[in-house]
Number of protein chains: 2
Amino acid sequence: MVDLDKLDRILKRLEEASGLEDLFRVIYEIRDAFAIDHAVYHWVDSKGEQYGCGTYSVAWKERYLARNYLRVDPVIIGCYTRFHPVDWKRLDWSSKAAREFLADAHEHGVGNQGYSIPIRGPNGQFALFTANHNCPDEDWAEFFEAHGRDLILIAHYFNRKALEFEPGRAPEQSRQLSPREVDAMTLLAMGYNRAQVADALAISEHTLRVYIESARFKLGALNTTHAVARAIGCGLIVV
Amino acid sequence: MVDLDKLDRILKRLEEASGLEDLFRVIYEIRDAFAIDHAVYHWVDSKGEQYGCGTYSVAWKERYLARNYLRVDPVIIGCYTRFHPVDWKRLDWSSKAAREFLADAHEHGVGNQGYSIPIRGPNGQFALFTANHNCPDEDWAEFFEAHGRDLILIAHYFNRKALEFEPGRAPEQSRQLSPREVDAMTLLAMGYNRAQVADALAISEHTLRVYIESARFKLGALNTTHAVARAIGCGLIVV
DNA sequence: AGACCCCTCACTATTTCTGGGGAGGTGAAA
DNA sequence: TTTCACCTCCCCAGAAATAGTGAGGGGTCT
C-alpha cells in the first residue's frame with residue numbers, strides 16, 4: 001500500500017502545480033508511486049472538446065482522437081451515468097465496436113485492467129481519472145481495494161487544478177437561466193411543443209418564444225434542440 | 001487530527017448503510033468524531049427538490065424549507081459554481097437577503113464557521129457536505145487544514161449512498177441506438193439542423209430523417225428535442 | 001434615481017421539422 | 001437460409017420553429 005507520505009507528497013504536488021506541464025509530471029509520479037502501467041486524467045467537455053493528460057503512448061492518444069473513440073469508449077459511456085468509481089470489467093463491452101476498441105487499445109499498450117473514477121465540476125464539466133494495469137483479476141481487485149480512496153482524493157485534486165487552468169471557466173455565471181427560462185427548457189426537454197409549454201406555463205406562446213430565444217442566446221445555442229442539450233449538459237435542468 | 005481508524009470506521013459505516021436512517025446515524029458519528037457543532041449533507045435537485053440529512057435543529061430545517069432559503073443561501077449559490085471545497089468566509093454575503101439569512105441561521109444554532117464541499121453526480125445531481133462550528137477564525141483554518149481530505153472522502157462516500165437510495169436512478173441501459181442514430185442525435189445536440197447533419201454524415205436529408213424518427217421511436221420521444229434530451233439523459237450520447 | 005434584468009404580450013414572412021406513406025441493399029445472427 | 005436490424009433513398013402536406021422587430025410593467029441593486 002502506498003504510505004501516507006507518498007499520497008501526501010502527490011497531493012501537495014498537485015496543489016502547488018502551476019501549469020499543465022506540472023500536471024503532466026505529476027501523473028508520471030502517480031504511476032510510479034502506485035506501481036501501475038498507466039495513470040490517466042481525461043477531461044471531456046460538454047462541447048465535446050477533450051483534454052487528456054496521462055502516460056498512454058502518443059500513438060494511442062492520437063488514434064483515440066483520430067478515430068473519435070470518445071463516442072465508442074465504454075469507459076466514457078459507462079462512467080457518464082455513474083457516480084461510483086468503476087472497475088472496467090463491470091462495464092458493457094458487448095457491442096462489436098466496444099470489443100474492437102478494446103483490442104485496438106491492447107495493441108497500443110493499454111493494460112487489461114482498469115479502474116476509472118468519474119469526476120464532475122460546475123457547468124456540466126466531466127472528467128475521468130483512470131488507473132490502468134496489466135495483471136490478473138485477483139491482483140487488480142486487491143489493488144483498488146487498497147488504493148480506491150487514495151485515487152478518489154488524487155482524482156479530486158487533479159480535477160481541481162485542471163479546472164483552475166481551464167480558461168474561461170471561472171466567471172461562467174453567464175450560463176444561468178432565469179426561472180421562467182428553466183421552466184421552458186425543462187418542458188421542452190420533456191417533449192412538449194411550444195403550444196403545450198405555453199399552456200402549461202399559462203402564458204402566451206409569444207411570451208414563451210421570448211424565453212426560448214433568451215435561453216438560446218444565453219447558452220450560445222443555435223436552435224431550441226441545442227439549447228435544451230446544453231441546458232441538460234450544464235446541469236441547468238434535469239431530464 | 002482524526003486518526004485513520006476513525007475515518008476508516010466512518011467510511012465503512014457509510015459503505016454498509018442500508019437506508020436513510022443509517023445515514024442519519026452516521027452523520028451524528030461524523031459530528032462527534034470531528035468534534036464539531038454540526039455536520040450536514042444537503043441534496044439539491046435541479047428541479048428544486050431537496051433532501052437534507054444533518055444535525056441542525058428541526059426548527060432550522062423547517063424554516064429553511066418554509067422560507068425557500070435554497071434560493072438565497074450563499075453557500076448553495078457559491079458552491080454551485082465551484083469545484084473546490086469552500087470556507088464560508090470566502091462566499092459572497094454582501095446582498096441584503098444573504099445577511100438576513102445568516103442572522104436567522106445564527107439564531108437557530110448554526111455556527112459562524114462553515115466548510116462546504118460541493119459534490120456532483122450524474123444527470124446534474126448536486127449535493128453539499130458541510131462541516132459547521134462555532135469558533136475563532138484561526139481554529140477553523142486549522143480544522144479544515146487538518147481534515148479537508150477526510151471530509152472530501154466522507155462527502156464522496158455519503159453521496160454515493162444517497163444516490164443509491166434515490167429511486168428512479170436505476171441503470172437504464174436498455175435503450176440502445178444504432179451508430180448512425182447516435183451520430184444523428186449527437187450532431188443535432190450540437191445545434192446543427194437537419195440539412196447540416198445530413199451533409200456532415202454525407203447522407204441525404206431523407207435518410208437522416210429515418211434515423212431521427214427511428215431514434216425517436218426507440219427512445220419513446222415525442223419530437224426531436226425530446227429524443228436528444230433523452231439520449232443525453234440516458235448517457236447514450238455525450239454532449 | 002437610473003441601470004438592469006425579468007416577465008408579459010404582439011406581428012409577419014420564411015425556413016425547418018414532422019408524420020404519413022413506400023422500396024431496395026447489406027451484413028450478422030439464429 | 002432465413003430473419004432481422006441496419007443503412008440508404010424518395011414524395012407530400014401540414015405543423016412548428018426562427019428571424020427581425022416592437023412595447024410596457026415589475027423588481028432589485030447600486
Side-chain angles (χ1 to χ4, degrees), chain A residues 72 94-100 173-229 231 236, chain B residues 68 71-72 74 77 92-101 174-230 236:
Chain A
V72 177
S94 61
S95 84
K96 205 182 128 200
R99 283 195 305 272
E100 280 173 7
Q173 196 69 22
S174 54
R175 284 192 170 175
Q176 283 290 357
L177 298 183
S178 80
R180 261 343 214 182
E181 286 158 1
V182 172
D183 292 342
M185 290 292 109
T186 303
L187 290 168
L188 286 172
M190 288 163 61
Y192 297 119
N193 62 31
R194 295 205 298 200
Q196 291 171 315
V197 173
D199 198 49
L201 296 178
I203 56 177
S204 79
E205 203 176 319
H206 310 282
T207 304
L208 174 69
R209 249 186 46 201
V210 178
Y211 296 146
I212 298 174
E213 279 176 36
S214 159
R216 214 171 50 220
F217 179 75
K218 285 184 189 173
L219 295 166
L222 299 165
N223 54 41
T224 302
T225 300
H226 194 195
V228 169
L236 297 170
Chain B
N68 201 21
R71 306 279 176 207
V72 178
I77 296 164
D92 176 25
W93 296 94
S94 60
S95 85
K96 203 179 128 201
R99 283 194 304 273
E100 282 172 4
F101 164 75
S174 53
R175 289 173 293 211
Q176 282 286 357
L177 297 183
S178 80
R180 274 321 227 188
E181 286 158 1
V182 171
D183 291 343
M185 289 294 108
T186 303
L187 290 168
L188 286 171
M190 288 163 64
Y192 298 118
N193 63 29
R194 294 205 301 199
Q196 291 171 315
V197 173
D199 200 48
L201 296 179
I203 55 177
S204 79
E205 202 176 321
H206 310 283
T207 303
L208 173 70
R209 253 185 45 202
V210 178
Y211 296 146
I212 298 174
E213 278 177 39
S214 157
R216 216 174 42 223
F217 178 75
K218 284 184 189 173
L219 295 166
L222 298 165
N223 54 41
T224 302
T225 300
H226 194 194
V228 169
R230 287 214 159 162
L236 297 171

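Letters go in sequence order (proteins before strands), and every chain restarts at 1. Just so it is clear, the model here is predicted, and its values are computed rather than measured.
In this structure, the CG atom of B:D92 is 17 Å from the P atom of D:dT28, given to the nearest Å. Atom pair A:H226:NE2 and D:dT18:P shows a separation of 13 Å (rounding to whole Å applied). Between B:D199 atom CG and C:dT16 atom C1' the separation is 16 Å, expressed in whole Å. Taking atom CD on A:E213 and atom P on C:dC5, their separation rounds to 17 Å, with Å as the unit. Protein atom CD of B:E100 is 14 Å distant from nucleotide atom C1' of D:dC29, rounded to whole Å. Atom-to-atom, CZ of A:F217 to P of C:dC5 comes out at 10 Å; the value is rounded to the nearest Å. The CG atom of B:L177 sits 9 Å away from the P atom of D:dC6 (whole-angstrom rounding). As a whole-Å value, the separation of B:L222 CG from D:dA15 C1' is 15 Å.
Sorted by residue number, the members of residues 201-210 of chain A with any non-hydrogen atom under 4.0 Å from DNA chain C read A:I203, A:S204, A:H206, A:T207, A:R209, A:V210.
Between the NZ atom in B:K218 and the CE atom in B:M185 there is a gap of 10.5 Å [rounded to 0.5 Å]. Atom CG of A:N193 and atom CD of A:Q196 lie 4.0 Å apart (nearest 0.5 Å).
Nearest to the side-chain atoms of B:N193 among the listed nucleotides C:dC17, C:dC7, D:dC6 stands C:dC17.
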Side-chain donor/acceptor pairs under 3.5 Å, residues 206-217 of chain A, sequence neighbours excluded:
{"from": "A:T207", "atom 1": "OG1", "to": "A:S204", "atom 2": "OG", "distance (Å)": "3.0"}
{"from": "A:S214", "atom 1": "OG", "to": "A:E181", "atom 2": "OE2", "distance (Å)": "2.4"}

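Across every non-hydrogen atom of B:A200 and B:L187, the tightest pair is CB-CD1, 4.0 Å. A pairwise comparison of heavy atoms in A:R180 and A:I203 identifies NH2-CG2, 3.5 Å as the closest pair.
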Residue pair B:T225, A:T225: steps toward the side-chain hydrogen bond (donor to acceptor under 3.5 Å, both in side chains) verdict:
CA-CA 5 Å; B:T225 300; A:T225 300; 2.9 Å; yes
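Taking only side-chain nitrogens and oxygens, A:T224 comes nearer than 4.0 Å to OP1 or OP2 of D:dT18. Of the side-chain N and O atoms in A:K218, one or more sit less than 4.0 angstrom from OP1 or OP2 of C:dC6. Checking the phosphate oxygens (OP1, OP2) of D:dC6, no side-chain nitrogen or oxygen of B:Y211 falls inside 4.0 Å. A sub-4.0 Å separation between OP1 or OP2 of D:dC6 and a side-chain N or O of B:S214 is absent.
Counting non-hydrogen atoms under 4.0 angstrom, A:R180 reaches the backbone sugars and phosphates but no base.
Counting heavy atoms from C-beta on, the side chains of B:D183 and B:V197 never come closer than 4.5 Å.
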